[in-house]
Protein chains: 2
Amino acid sequence: MKPPGGRTPVMADVARLAGVSHQTVSRVVNGHPNVREETVLRVRDAIEELGYHRNSTARALVTRRTNVLGVIAFDPTLFGPAQTLAGIERAAREAGYFLSMVSLDDVSPEGVVAAADYLIQQSVEGCVAIAPQRALVEALAALPGPGPLVAVEGGEGSGLPVVCVDQAQGAHDAVRHLLDLGHTTVHHVEGDPLWLESAARVVGWRRALEEAGAPVPEPLQGDWSPRSGYELGLALVRRRASGERVTAIFVGNDQMAIGVLRALHEADLHVPGDVSVVGFDDIPEAEYLTPSLTTVHQDFAQVGRESLALLLAEIAREGSADPAGAARRVVPARLRVRGSSGPPPP
Amino acid sequence: MKPPGGRTPVMADVARLAGVSHQTVSRVVNGHPNVREETVLRVRDAIEELGYHRNSTARALVTRRTNVLGVIAFDPTLFGPAQTLAGIERAAREAGYFLSMVSLDDVSPEGVVAAADYLIQQSVEGCVAIAPQRALVEALAALPGPGPLVAVEGGEGSGLPVVCVDQAQGAHDAVRHLLDLGHTTVHHVEGDPLWLESAARVVGWRRALEEAGAPVPEPLQGDWSPRSGYELGLALVRRRASGERVTAIFVGNDQMAIGVLRALHEADLHVPGDVSVVGFDDIPEAEYLTPSLTTVHQDFAQVGRESLALLLAEIAREGSADPAGAARRVVPARLRVRGSSGPPPP
DNA sequence: CTGAAAGCGCTTACAG
DNA sequence: CTGAAAGCGCTTACAG
C-alpha cells in the first residue's frame, strides 16, 4: 500500500493510513509521551507498511539542527589521517550524528576557505579538522567558521580546541630508550618540517638529548615518504663513512624508517648490530619488517573519540554563557620495543 | 551590518538590504538570467556584507535534491579502502556533491541495513559501497536501497553496477612474470577468502598456471595481515624443508608479503636467490623494502573517479525510460617489477 | 491524549 | 526584469 503515484511516503500518508493527524505521527516518530498505546501501535504499523522514513531535510529546516558534523582532512590517503578519520566516523555515528567529509588538496588559505564554505553550505553543526600543518591551523582559526571547530594535531597557540597525541613524549621515550641502551647520541630523520607533528617530535628528541647531556646533531628533514627516508639514510651512511659516529637513528615515521633500513642494508650495516633504528606510528607491518621495527604507537581511535567528545562539548557550550578557553586533550604515545634497537657496537 | 538579533542571515535579510524581493536574491544566487546587471551587483554586495550563505536544507526541501551522496566503507583503516574512499571524496567534490560517509563494523545483513538506513535518513541521492565481500554485496543488492547504488569491487552476478580493478589480470600478470623467469610453478598465499578481491586473484593465479601447464599447488588462506603472511610463510618454509620445491610465491597483498619475506629471512632463504616473492597493491613502502618488492599496482584514484561517474550516470538514468543493465567498469592493474623476483635457483 | 495553525528558508510557477 | 503566492515536509506552541 504505497502512497498514490509511487511517491516516497510522507508523514501525511502515514497519518491517513493510521487514521490520525500528522502531528500524532510526529509524536510517535519522536518518541514523545502522551500518545495512547493503541495509537502508537497503529502508527507504527502504518510506518512499517509504507516503508516510511522521516525526511531529515524537513526536520532540519524547522529544528535548525542538521545533525551533520563535518570533517576536513588534509590528505586522507596517508596512514595517520586515514586512521583518525575512521575513528572520527565511528565516534560520530555512535553519537547519533551524520558525517560529511571534505579533503583538502593543499593548505592554501583559499583551499581552506573553500572547504569551510563547503561545510557551511551543508549547515554542519560543527566540525573537526585533521590539521597537521601550521598554515592550515592558522587559516582555520581565522575563519568565520562553520560552527564550533576542533583541530586534531593542531599544535598550540591557535586558540582552537585541540586533540593530539603527545608527540614530544613519544619522541622523548624513543630517544631515552636508545640512550639507555648505551648510545652516546641519537640522530634524527624528521618528517615534513611543515607538519606540527614533525616539529613536536623534534622537540621531544632534542629535549631527551639535552636532558642526558648528549650532543644534538642537526636533524635531517624529510617529507614522510619512504623515498626521503632512503635518501637521508644514504646521507647518514656517508657521514658515518667520513668518521662521524652514527649508531642510533630516530626516524619521524615508520615509512621513512623503512627507507632508512634500506639505505643501511645497502651499505652493509647491520640493524641493530651497527646502527639502531626507531620509527614512529606503529604501522601494521612494523612488527614484521626485518628486523622488526621498534616504534612509537599512536592510538588513532582514541584521538577520534576524544575529538568528537570535545566537539560535542563545544557545541553544547555554544550559546550558553560558559567561558571559551581553548581545551586541549592529549593522548599518550606508547613506545613499542622490537628488534631494530639494541646496544651500540663497542 | 548583521541581521538584527545576530541570527544567521537569510535570503530575506539580503533582499531587505539590497532593496529587492527575496525571489530576486534567489535568482542571483542561482545564476538565473533576466536580472538587471545593476540589481545583480547590489544583491552581491548585500550577500558579501552580510556573509550570507544559502541554506541548503531549505533548498533541498523544495528541490527534493539534497546534493548529498553516500559512501559505505567496510573497513576504512585498511589501505585499499582508504585510498578508494579518498578517490571517491575528491570525485564527488569535483562533481559538486557533498559526501556522507558511514563505515560498517561487520558485514552482517543487520549492519548493512543499519548503514543503509543511516544514509536513507539523510536522503542521499545515491551511494557507492566499498563492498569487498560477497555477503556484503548480497545484503546491499537485497536492499530497498538509498537510491542508485554502485558497488566498488562488488564482484559479478549481484545485478549491481560495479567498478573494480582487474584483479584476475593483475594476478595473472604477476604469475606469468614468475613463470617467464623460469619458475616451474608459483605458490599462492591468498588474502581473506571471504573477500571478492582475494577470490579474483586466486582465479588469475590459477589460470596463469593452467595456461602454462604448470602444477597448481593448494593456495594458503590468510587474512591480509602481515601476521598471517608471516605464519603462512613459515608453513611454506616447512614444506620446502620437507622436499617440496617452492621457488616463487605470489602473495595476495603487500602487507602479507612483508610477513612472508620475514619468514623466509628467518629460515635463511634469500629473496630472490632462493625464493621469489610478488605482492599486490603497491603500497608506498613496497619500493623501499629490502629487497624492493615486485608487486601489482592498483589505481585507486581511478576507481574512485569511475565509481562516481557510474553513480552519476545511474542517478541520471533514474526515472528515465532507459534500460537498467548492470554496468561494469574495470580498471587495469599494472605489474611493477622490482628486486624481489628473479630466476629460480638451479 | 489529539488536532488545527503557523512557520522554518528556500524555489517554482504565475503575474505583471 | 521583478514581485506576490504557494508549498516542500516537518516541529512547535497552542487549543481543546
Side-chain angles (χ1 to χ4, degrees), chain A residues 2-5 7-44 46-47 50-68 98 120-125, chain B residues 2-5 7-44 46-47 50-68 98 120-125:
Chain A
K2 291 283 168 183
R7 297 181 284 101
T8 304
V10 299
M11 210 170 246
D13 297 314
V14 176
R16 200 171 307 120
L17 183 59
V20 297
S21 72
H22 74 276
Q23 286 93 326
T24 295
V25 176
S26 175
R27 289 189 183 95
V28 171
V29 166
N30 291 301
H32 286 185
N34 300 345
V35 184
R36 212 165 19 137
E37 179 66 15
E38 190 215 306
T39 310
V40 172
L41 262 35
R42 241 183 20 248
V43 170
R44 291 231 177 97
I47 286 174
L50 293 173
Y52 169 73
H53 286 272
R54 174 171 61 191
N55 181 319
S56 65
T57 300
R59 172 168 227 259
L61 184 59
V62 57
T63 61
R64 293 150 177 289
R65 296 199 48 208
T66 55
N67 216 31
V68 176
F98 303 125
I120 290 171
Q121 276 180 44
Q122 295 174 77
S123 308
V124 299
E125 294 183 28
Chain B
K2 292 282 169 183
R7 298 181 283 99
T8 302
V10 299
M11 211 169 245
D13 296 315
V14 175
R16 201 170 306 120
L17 182 59
V20 297
S21 73
H22 75 275
Q23 286 93 326
T24 296
V25 177
S26 175
R27 288 189 185 96
V28 172
V29 166
N30 292 299
H32 286 185
N34 299 347
V35 185
R36 214 168 11 140
E37 181 67 12
E38 190 215 306
T39 311
V40 172
L41 262 35
R42 247 188 11 253
V43 169
R44 290 230 178 98
I47 286 174
L50 293 173
Y52 170 73
H53 285 271
R54 175 172 60 192
N55 182 317
S56 66
T57 301
R59 173 168 227 260
L61 182 57
V62 56
T63 61
R64 294 151 176 289
R65 297 199 47 208
T66 55
N67 216 31
V68 176
F98 303 125
I120 289 171
Q121 276 179 46
Q122 295 176 75
S123 308
V124 298
E125 294 183 28

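The structure displayed is predicted, hence computed values, not measured ones. Every chain is numbered from 1 and lettered A, B, ... according to where its sequence line falls, protein lines coming before strand lines.
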Rounding to 0.5 Å, atoms CD (B:Gln121) and CZ (A:Arg59) come to a distance of 9.5 Å
Closest heavy-atom pair, B:Thr57 versus A:Ala60, reported as atoms and distance to 0.1 Å, is CG2-CB, 3.7 Å
Just call it for A:Thr39: base, sugar-phosphate, or nothing, with non-hydrogen atoms closer than 4.0 Å on any strand. sugar-phosphate
When A:His22 and A:Arg36 are each assigned the nearest nucleotide of DNA chain C, the 5'-most assignment goes to A:Arg36
Quiz prompt | Check: B:Asn30/B:Arg54 side-chain N/O donor and acceptor closer than 3.5 Å | solution = yes
A:Asn30 atom CG is separated from D:dG9 atom P, nearest whole Å, by 17 Å
*Is there a side-chain contact between A:Gln122 and A:Thr66, using heavy atoms and a 4.5 Å cut-off?*
no
Side-chain N or O of A:Ser26 versus OP1/OP2 of D:dT11: is the shortest distance under 4.0 Å? yes
B:Arg54 atom CZ is separated from C:dT12 atom P, nearest whole Å, by 10 Å
Taken to the nearest 0.5 Å, the spacing of B:His32 NE2 from B:Gln23 CD works out to 12.5 Å
Of the listed C:dT11, D:dT11, D:dG9, the closest approach to the B:Thr63 side chain comes from C:dT11
Is the phosphate of C:dG9 approached by A:Arg64 (side-chain N or O, under 4.0 Å from OP1 or OP2)? yes
| Would you say B:Glu125 and B:Val68 make side-chain contact, with heavy atoms under 4.5 Å? | no
Taken to the nearest whole Å, CG/A:Asn67 to P/C:dC8 is 21 Å
- [ ] Dump the intermediate steps for side-chain contact (heavy atoms from CB on, under 4.5 Å) on A:Asp13 and A:Leu17, then the final yes or no.
- [x] CA-CA 6 Å; A:Asp13 297 314; A:Leu17 183 59; over 6 Å; no
From the candidates C:dT11, C:dG3, D:dT11, the one with an atom nearest any side-chain atom of B:Met11 is C:dT11
Notebook entry, point to check: Hey, does B:Thr57 reach any base, or is it just sugar-phosphate, or nothing, if we go heavy atoms under 4.0 Å?
Noted result: nothing
Separation of D:dG7 atom C1' from A:Leu61 atom CG, nearest Å, is 12 Å
Of the candidates C:dT12, C:dA5, D:dT11, the side chain of A:Gln23 sits closest to C:dA5
- Counting any heavy atom closer than 4.0 Å, what does A:Arg27 reach on the DNA or RNA strands: base, sugar-phosphate only, or nothing? base
Of the listed C:dG3, D:dG9, D:dT2, the closest approach to the A:Asn55 side chain comes from D:dG9
The dot-bracket string of DNA chain D, counting Watson-Crick and G-U wobble pairs with both distances under 3.5 Å, using [ ] for crossing pairs and | for pairs to another strand, is |||.||||||||.|||
So, is B:Tyr52 close to the C:dG9 phosphate, meaning a side-chain N or O under 4.0 Å from OP1 or OP2? no
| Are A:Val10 and A:Asn55 close enough that some pair of their side-chain heavy atoms sits under 4.5 Å apart? | no
Rounded to whole Å, the CZ-C1' distance (A:Arg42 to C:dG3) equals 14 Å
Taken to the nearest whole Å, CZ/B:Arg16 to C1'/D:dG3 is 16 Å
Of A:Val62 and B:Ser21, the one whose nearest nucleotide on DNA chain D sits closer to the 5' end is B:Ser21
Side-chain contact check for A:Val10: nearest option of D:dC10, C:dC8, C:dT11 is D:dC10
Can you say whether a donor on the side chain of A:His32 sits under 3.5 Å from an acceptor on the base of D:dT11, or the other way round? no
